[in-house]
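Protein chains get the first letters and strands the later ones, always in sequence-line order, with residue 1 at the start of each.
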Amino acid sequence: MSPTSETAQGGRRLVIVESPAKAKTIKGYLGPGYVVEASVGHIRDLPNGAAEVPAKYKGEPWARLGVNVDADFQPVYVVNADKKEQVKKLKGLLAESDELFLATDEDREGEAIAWHLQEVLKPKVPVRRMVFHEITKDAIQAAVANPRELNKKLVDAQETRRILDRLYGYEVSPVLWKKVMPRLSAGRVQSVATRLVVERERERIAFSSAEYWDLTGTFGTGRGGDTSDPASLVARLTSVDGRRVAQGRDFGANGRLKDAAQVLHLDEANARALAAALEQSSFAVRSVESKPYRRSPYAPFRTTTLQQEASRKLGFGAKATMQVAQKLYENGFITYMRTDSTTLSDTAVGAARAQVTQLYGADYLPEKPRTYAGKVKNAQEAHEAIRPSGDRFRTPAETGLTGDQFRLYELIWKRTVASQMKDAVGNSVTVRIAGRASDGREAEFSASGKTITFHGFMKAYVEGADDPNAELDDRERRLPQVAEGDALTAEEITADGHATKPPARYTEASLVKELEEREIGRPSTYASIIGTILDRGYVFKKGTALVPSFLSFAVVNLLEKHFGRLVDYDFTASMEEDLDRIARGEAQAVPWLRRFYFGEGSEDSGKAAAAGNGDGDHLGGLKELVTDLGAIDAREISSFPVGEGIVLRVGRYGPYVERGEKDSEGHQRADVPDDLAPDELTVEYAEELFAKPSGEYELGTDPQSGHAIIAKDGRYGPYVTEVLPEGTPKTGKNAVKPRTASLFKSMSLDTVTLDDALKLMSLPRVVGADAEGVEITAQNGRYGPYLKKGTDSRSLESEDQIFGITLEEALAIYAQPKQRGRAAAKPPLKELGTDPVSERPVVVKDGRFGPYVTDGETNATLRRDDDVETITPERGYELLAEKRAKGPAKKTAKKAAAKKAPAKKTAAKKTAAKKTTAAKTTTAKKTAAKKTTAKKAAAAKAE
DNA sequence: CAGTGAGCGAGCTTCCGCTTGACTT
C-alpha cells in the first residue's frame with residue numbers, strides 16, 4: 001500500500017525532521033495528509049548555567065553541573081530558551097494529528113532528538129521512528145512505509161556522551177580559572193585541538209635547520225626541440241661515486257643526518273668544486289625507466305574535504321565555507337553540508353553519469369558506477385555526500401548563482417561529476433644521466449617526467465595542494481625522448497643551497513583534517529572548534545596559519561601534567577568505542593560514567609574510563625583530580641625557560657619574560673607582545689624586550705631634572721613615569737622612587753604630551769588650607785579624582801577639578817558631611833514593598849556589580865533575565881529568599897577551603913579576585929593598546 | 001608588572017552537538 005492511499009483513509013500525520021529546509025523538500029514527496037515540521041536541532045539540553053537550573057535543584061551541590069552525580073548521573077533537561085516557541089508549535093500540530101513520525105537523522109544525536117521530542121511532546125497518538133539517508137522521493141516514501149521503534153540504547157549512548165562532555169568541561173574549566181586565568185575553558189575536543197597546535201609549535205621550537213647542497217644540470221640532446229620533444233632536460237644530482245646525495249628528507253628535526261653512513265652530505269664548497277669539475281665532462285644517458293601512471297578520482301565531498309578544498313582553491317575559512325554552503329542548501333542547490341559520508345545515492349550517481357556523457361562523452365564514463373568506501377572511522381553516515389541536489393544536476397551556469405555561492409557550487413559540482421569519471425592514465429619516466437668529473441668522481445643526475453595520455457576525471461576536476469610549491473596532479477612534465485647510451489652535453493651546471501624547514505603550522509583546514517583523522521569532533525562542529533580556540537586566545541591567526549599563544553602553552557602544560565588521560569589523542573576514539581558498546585547494549589552507561597568521574601574501584605569490573613594519568617592499577621576519577629588542586633603549581637605550569645636564565649611566564653595580564661629573582665639585583669621583567677609566535681622567542685629577542693620594554697613611549701626630557709619622561713601601560717592602566725639615571729639606588733635605605741602618575745581618563749598613551757606628563761607628575765596640587773591651617777590637596781587616585789585634608793578625603797566629580805578647583809569650592813565640599821560610599825549616596829532605583837520573610841522594605845539599588853535588591857540585610861544581584869524596569873516585588877522576594885538559602889552554605893564551603901590552603905595563598909587569591917573586577921573593563925583596552933604599540937614598532941622599523 | 005584614599009551586595013565564566021534566525025557591528 002502506498003503512503004498516499006493510507007492517508008486517504010483519513011487521519012493526519014505529523015512528521016518531524018531536524019532541518020527546516022529538509023522539511024520543505026520532504027513535504028513535496030509526501031503530499032497531502034502529512035504535515036512536515038522541523039525540530040530545528042536539539043530541543044532540550046542540560047542547563048547552561050545557574051540561571052537555567054530549575055528552582056527545585058538550585059540548592060543542590062551538583063546544580064552547577066546540571067547532572068546529579070550522586071544519583072546515577074541523572075541529567076536535568078531544560079527546553080532551550082530559543083526552542084520554546086518551536087516546541088509550542090510542534091505541540092499544537094501534534095494535537096491535530098493522529099500519528100507522529102519522528103524523522104530525525106539516523107545517528108546518535110538524531111536518535112536522541114527523537115527521544116527528547118517524545119519526552120517533551122508526550123504524544124497520545126501512535127509514535128513511529130522513521131529514518132532515511134537520502135532525500136529522494138523513493139527513499140522518503142520507503143521510509144514512511146517502514147518505520148521502526150526508537151532505539152533507547154543509542155539514546156543512552158548519546159546521553160552518556162553529553163554527560164561526559166559536561167563533566168569534563170564544567171569541572172576542568174574552573175581549574176584553569178583558579179590556576180591560570182578566569183574565563184578559560186577546557187573540553188574533550190577543544191583541549192586536544194589546542195594541544196595539537198601547541199605540540200606542532202614545540203616541534204618548531206626544537207627544530208634545527210640543516211643546510212645541504214646539490215647540483216642542477218641542464219643537459220642538451222643536440223637536437224632541435226619542439227613541444228612534444230624538448231631539446232634539453234633539467235636533472236638533479238642524485239649520487240656521487242654511487243653514494244646518494246643527501247636531500248631534505250635525510251635530515252632529522254635536530255638538523256643532523258638520520259643515517260650519515262648511507263648518504264653523502266654536500267656542503268657549499270664541496271658542491272661548487274664538483275660543479276666546476278663537471279664543467280668539461282661528457283655525459284650519457286645511463287637508464288630510461290618508464291612506468292604506467294594511473295590515478296583515480298577523489299571521493300565526493302564530505303564536510304572536512306569541502307572545507308579543505310574551499311580553503312585551498314577559494315581561500316575560504318571553515319566558517320565562511322559553511323555559511324555559503326548553508327545558503328546553497330537552504331535554496332535547494334546542494335544536499336546537506338554537515339556530513340561524514342562520501343556515499344552518493346543512486347539518483348545522484350545516475351545524474352552524475354548522465355552529465356559525464358553529456359559534457360565529456362561516453363569515453364569518459366566508466367562501465368560501472370564508482371563507489372567510495374567510508375574513510376572516516378567513526379562516521380555515522382546519516383546523510384549523503386555533499387553534491388548538487390536533484391536527479392539532474394544543474395550546471396553552474398544554469399543555477400544563476402553569483403559570487404561565493406557560485407564558486408562553491410561549481411567546486412561541489414565539478415567534484416561530484418569527476419567522481420563518476422574514468423581514471424587518468426599516462427606514463428611516468430625517470431632518466432638517469434651519468435658523467436665523470438675531472439677529479440675522477442662519477443656523478444649521476446636524475447630527471448623525472450610525467451605525461452598523461454588520457455585525462456579522465458582530471459578533465460573535470462583536480463584537487464588543490466596545501467603546499468603552494470607542490471605540483472598539481474594534472475601537471476605534465478615532458479622529457480626529451482632519449483634512449484640508454486645517448487650522449488648529452490651539459491649546458492649548465494649550478495650548485496644550489498637548500499635548508500630543511502620546520503614542520504608547517506596548522507591551518508584551519510589542516511587542523512580540521514587532523515581532528516577528523518583522530519575521530520575528534522563532528523561535521524557540525526569542525527568550524528566552531530576553530531572559533532572556540534580563537535576566542536579563548538589559545539591560538540591566533542597569522543595569515544592562514546594557526547599560531548598558539550603562550551597562554552595555550554600554559555594551559556596545555558597543566559592539562560598534560562595533571563589531566564593526561566583527558567588530553568590523550570586517543571581519548572575520544574576510545575570513548576567512541578565505549579559508546580558503541582553502550583549503543584549495542586554490551587556496556588552500561590552508569591558504571592562507565594562512575595568510573596570516569598569517581599575513578600576505578602568505584603565500580604568493580606569492566607574497562608577503565610578513568611580521567612587522570614594512569615599510574616599502576618588505580619585510575620583516579622575526574623572528581624578526585626579537580627578536588628585537590630594542591631599538587632598543581634600555578635607558577636611552574638606557567639613558566640617556560642627561554643635560555644640563559646630567562647624565563648617566560650604567563651601571567652594574568654599576558655605573557656612576560658623575567659630574569660633573576662624578584663626584588664633582587666639585576667631582576668628584569670618585560671611584557672611579551674600577545675601576538676608573538678612562540679617559536680620566535682629567542683634569548684636575543686628577550687634581551688631586546690628587556691632593553692626596551694614594550695608599550696613604552698618616550699615623551700621627552702623633564703627640563704627641571706633632566707630625566708627622560710616615558711608613558712607606559714601598567715597594571716592599573718596607562719601612566720607616566722620618569723627614568724632615573726643609572727646607578728640610582730632602587731632598593732635599600734637611600735632608594736629613590738621615580739615619580740609616577742596615572743593618565744586622566746580623557747588622555748591616551750597615543751596622544752599624551754610631555755606637558756601633560758609633567759603636569760600630572762606635579763600632583764598632588766596644594767589647593768590651599770582651611771581655617772585651622774590644615775592643607776587641602778587635589779590629586780588623582782584609584783577611585784578617580786579626590787581632595788585630601790589630613791585623613792579626610794572627598795571625591796571630586798571630574799579630573800579637571802584637580803587643577804581647576806578653588807580653595808573656596810574645596811572648603812564648600814568639606815562643609816558638607818562626608819558621603820560614605822557611592823551606593824549610600826544614590827537613592828534606590830525602585831521600591832518593591834515589604835519582604836514577607838524579613839518584613840523589611842525591599843528596594844532595588846545600583847551597585848558596583850550592577851543592580852541588586854536588598855532588604856537592608858540580605859542583598860541579591862539581579863540575574864541576567866531580570867530588568868530594573870520590569871522586576872516585580874515577588875521576583876525581588878524570590879531572589880532574596882534564594883540568597884538567604886544559599887548564603888550560609890557558600891560561606892562554610894569557603895571557610896573550609898581557606899583552612900586547607902596556606903594563609904599566604906588565600907591572601908594572594910583575594911587580591912587577584914579584586915584585580916580581576918577592576919581590570920575587567922580595561923583588559924580589552926590594554927590589549928588594543930598593546931597591539932597598536934607593536935604595530936608602531938613595526939612601522940618604525942620599516943622606516 | 002606603578003603605588004594612592006573610601007566602603008561596599010557578587011555572580012558568572014565553562015562543555016559538545018543538533019539546528020536556524022534574531023540580533024548588533
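Distance OH (A/Y719) to P (B/dC1): 11 Å, rounded to an integer number of Å. For the pair A/W177 CH2 and B/dC15 C1', the computed distance is 10 Å after rounding to whole Å. Distance A/L879 CG to B/dA10 C1': 13 Å, rounded to the nearest Å. Atom CG in A/L760 sits roughly 16 Å away from atom P in B/dT4 (whole-Å rounding). Atom P of nucleotide B/dT14 and atom CD1 of A/I533 are separated by 16 Å, given to the nearest angstrom. We find that CG of A/L515 is positioned 13 Å from C1' of B/dC16, with the value rounded to whole Å. Regarding A/I802, its CD1 atom lies at a distance of 14 Å from the P atom of B/dG5, rounded to whole Å. If you measure from atom CZ of A/R166 to atom P of B/dT13, you get 11 Å, rounded to the nearest angstrom.
At the phosphate of B/dC18, OP1 or OP2 sits under 4.0 Å from a side-chain N or O atom of A/S524. Close to B/dT13, at under 4.0 Å from its OP1 or OP2, lies no side-chain N or O of A/R64. A close approach under 4.0 Å does not occur between any side-chain nitrogen or oxygen of A/T740 and OP1 or OP2 of B/dG3. Within the structure, every side-chain polar atom (N or O) of A/Q779 is placed at least 4.0 Å from both OP1 and OP2 of B/dG5. In terms of phosphate contacts, A/Y852 brings no side-chain nitrogen or oxygen within less than 4.0 Å of OP1 or OP2 of B/dG11. Taking side-chain N and O atoms only, A/R161 has no distance below 4.0 Å to OP1 or OP2 of B/dG17. A sub-4.0 Å separation between OP1 or OP2 of B/dC15 and a side-chain N or O of A/S185 is present.
When all heavy atoms of A/A810 and A/V767 are compared, the closest pair comes out as CB-CG1, 4.1 Å. Contact between A/V853 and A/L880 at its shortest, heavy atoms only, is O-CD2, 3.8 Å.
The side-chain contact (heavy atoms from CB on, under 4.5 Å) search around A/S39 returns A/I16, A/E18, A/I43, A/I113, A/L117, not counting sequence neighbours.
Checking B/dT20, B/dC16, B/dG17 against the side-chain heavy atoms of A/R162 singles out B/dC16 as nearest. Here B/dC15 is the nucleotide among B/dC15, B/dC18, B/dT19 with the atom lying nearest to any side-chain atom of A/Q190. Residue A/E109 has its side chain nearest to B/dC18 when only B/dA2, B/dT20, B/dC18 are considered. Out of B/dG5, B/dC18, B/dG17, the shortest distance to the side chain of A/S793 is found at B/dG5. Here B/dA2 is the nucleotide among B/dG17, B/dT14, B/dA2 with the atom lying nearest to any side-chain atom of A/S742. Of the listed nucleotides (B/dT14, B/dG21, B/dT19), B/dT19 has the atom at the smallest distance from the side chain of A/R338. Side-chain proximity of A/Y336 to B/dA2, B/dG17, B/dT20: nearest is B/dT20. Of the candidates B/dT14, B/dC16, B/dC18, the closest approach to any side-chain atom of A/I113 belongs to B/dC18. When the nucleotides B/dT14, B/dT19, B/dC12 are ranked by their closest atom to the side chain of A/R536, B/dT14 comes out on top. Residue A/S19 places its side chain closer to B/dT20 than to any other of B/dG17, B/dT14, B/dT20.
As judged by a 4.0 angstrom heavy-atom cut-off over every strand, A/A186 is placed among residues touching the sugar-phosphate backbone only. Among the heavy atoms of the strands lying under 4.0 Å from A/Y170 is at least one base atom, whether or not backbone atoms are also near. Within the nucleic acid shown, A/G41 comes within 4.0 Å of at least one base atom, counting heavy atoms only. If you check every strand for non-hydrogen atoms under 4.0 Å, A/P174 touches a base. Residue-level contact check: A/L167 touches neither bases nor backbone, having no heavy atom under 4.0 Å from any strand. Residue contacts shown for A/R108 are absent, as no nucleic acid heavy atom lies under 4.0 Å away. A/G521 comes within 4.0 angstrom of the backbone, heavy atoms only, and of no base. Across all strands shown, A/E658 has no heavy atoms under 4.0 Å from either base or sugar-phosphate atoms. Counting non-hydrogen atoms under 4.0 angstrom, A/D82 reaches nothing in the nucleic acid. Residue contacts for A/Y786: at a heavy-atom cut-off of 4.0 Å it reaches a base atom on one of the strands shown.
Counting only Watson-Crick and G-U wobble pairs whose two key distances fall under 3.5 Å, DNA chain B forms no stem of three or more pairs.
One donor-acceptor pair, N or O on each side, does fall under 3.5 Å between the base of B/dC15 and the side chain of A/N48.
A donor-acceptor contact under 3.5 angstrom links the side chains of A/S639 and A/R649, judged on distance only. Side-chain atoms of A/Y538 and A/Q190 form no donor-acceptor pair, as typed in the model, at a separation below 3.5 Å.
Aromatic ring orientation, A/Y77 versus A/H116: perpendicular (interplanar angle above 60°, classes split at 30° and 60°).
Judged by distance alone, with hydrogens and angles left aside, the side-chain atoms of A/D340 form a donor-acceptor pair with the main-chain N or O of A/Q380 at under 3.5 Å. Counting only distance, with no hydrogens or angles, the side chain of A/Y168 and the backbone of A/L566 share a donor-acceptor pair below 3.5 Å. A/E37 places no side-chain N or O within 3.5 Å of a backbone atom of A/V17 that could act as its donor or acceptor partner.
Atom-to-atom distance recorded for A/L760:CG and A/Q779:CD is 13.0 Å, nearest 0.5 angstrom.
Along DNA chain B, the nucleotide nearest to A/A741 and the one nearest to A/S795 differ in position, and the one closer to the 5' end is contacted by A/A741. Nearest-nucleotide positions on DNA chain B place A/G651 closer to the 5' end than the other of A/P785 and A/G651.
Contact of the A/V76 side chain with the A/V67 side chain is not registered, since no non-hydrogen atoms from C-beta on lie closer than 4.5 Å.
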